[in-house]
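Because the structure is a prediction, the values reported are computed rather than measured. As a basis for the values below, the full set of heavy atoms in this structure was taken, side chains included, without hydrogen atoms, waters or symmetry mates.
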Amino acid sequence: MNIPLLNIQPQRWYCPNCACTDITPPVPPGQSQYHACPGLHGLNAPLIREGVRAKVEAAEREDYLNGDQQATGDNGKVYMNVRVTRDEGEDVTVFAGLAHADLRNMQ
């Protein structure tokens with residue numbers, strides 16, 4: 001009995017803002033790999049598929065927080081998104097405000 005061997009090529013990833021690279025099993029189109037990027041102040045940013053030219057940048061939040069809690073980068077600034085710009089389009093990861101609750105002893 002002959003058993004066919006699958007020749008599955010791994011997916012290679014890179015970050016244009018730091019030296020991070022990764023190799024994963026093949027993933028479907030539209031799926032991405034993320035990492036905490038030191039080049040973008042520790043924000044959770046996507047890795048780019050090898051062979052794709054892209055620019056990854058973080059945008060500071062431009063409005064007033066008014067008491068909202070928001071995740072910050074390692075530089076203490078508040079960021080609202082990470083934008084990936086490629087030749088065929090762009091993707092945006094938005095950092096929404098954080099919910100919080102106070103637990104009180106209710107008797």
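- Closest approach of Cys18 and Gly39 over heavy atoms only: CB-N, 4.2 Å.
- The side-chain heavy atoms of Trp13 and Ser32, taken from C-beta on, include a pair separated by under 4.5 Å.
- Residue Val82 is grouped with residue Val52 when hydrophobic side chains (ILVMFWY) are merged at heavy-atom distances under 4.5 angstrom, including chains of intermediate members.
- Considering only heavy atoms from C-beta on, His41 stays 4.5 Å or farther from Lys77 through its side chain.
- Exactly one residue among Val92, Thr93, Ile48 makes a side chain to side chain contact (heavy atoms under 4.5 Å, CB included) with Val84. That residue is Ile48.
- The shortest heavy-atom contact between Leu47 and Asp22 is CD1-CB, 3.9 Å.
- Between atom CZ of residue Phe95 and atom CG of residue Asn81 there is a gap of 7.5 Å, rounded to the nearest 0.5 Å.
- Across all their heavy atoms, Ala36 and Asn44 have their closest contact at N-OD1, 4.4 Å.
- Side-chain N or O atoms of His35 include one that pairs as donor or acceptor with a backbone N or O of Ala45 at under 3.5 Å.
- Of all non-hydrogen atoms in Tyr14 and Ala54, the two that sit nearest each other are OH-N, 3.9 Å.
- Contact record, Leu43 with Gly73: CD2-CA, 4.1 Å, taken as the closest heavy-atom pair.
- Every residue meeting the side-chain hydrogen bond (donor to acceptor under 3.5 Å, both in side chains) condition with Glu90, not counting sequence neighbours, appears here in chain and number order: Arg83.
- Sorted by first and then second residue, the salt bridge (Lys or Arg N to Asp or Glu O under 4.0 Å) pairs involving residues 29-58 (not counting sequence neighbours) are Lys55-Glu57.
- One N or O on the side chain of Asn17 and one on the backbone of Val56 form a donor-acceptor pair closer than 3.5 Å.
- By the side-chain hydrogen bond (donor to acceptor under 3.5 Å, both in side chains) test, Glu88 is found to be paired with Arg86, residues two or more places apart in sequence or in another chain being considered.
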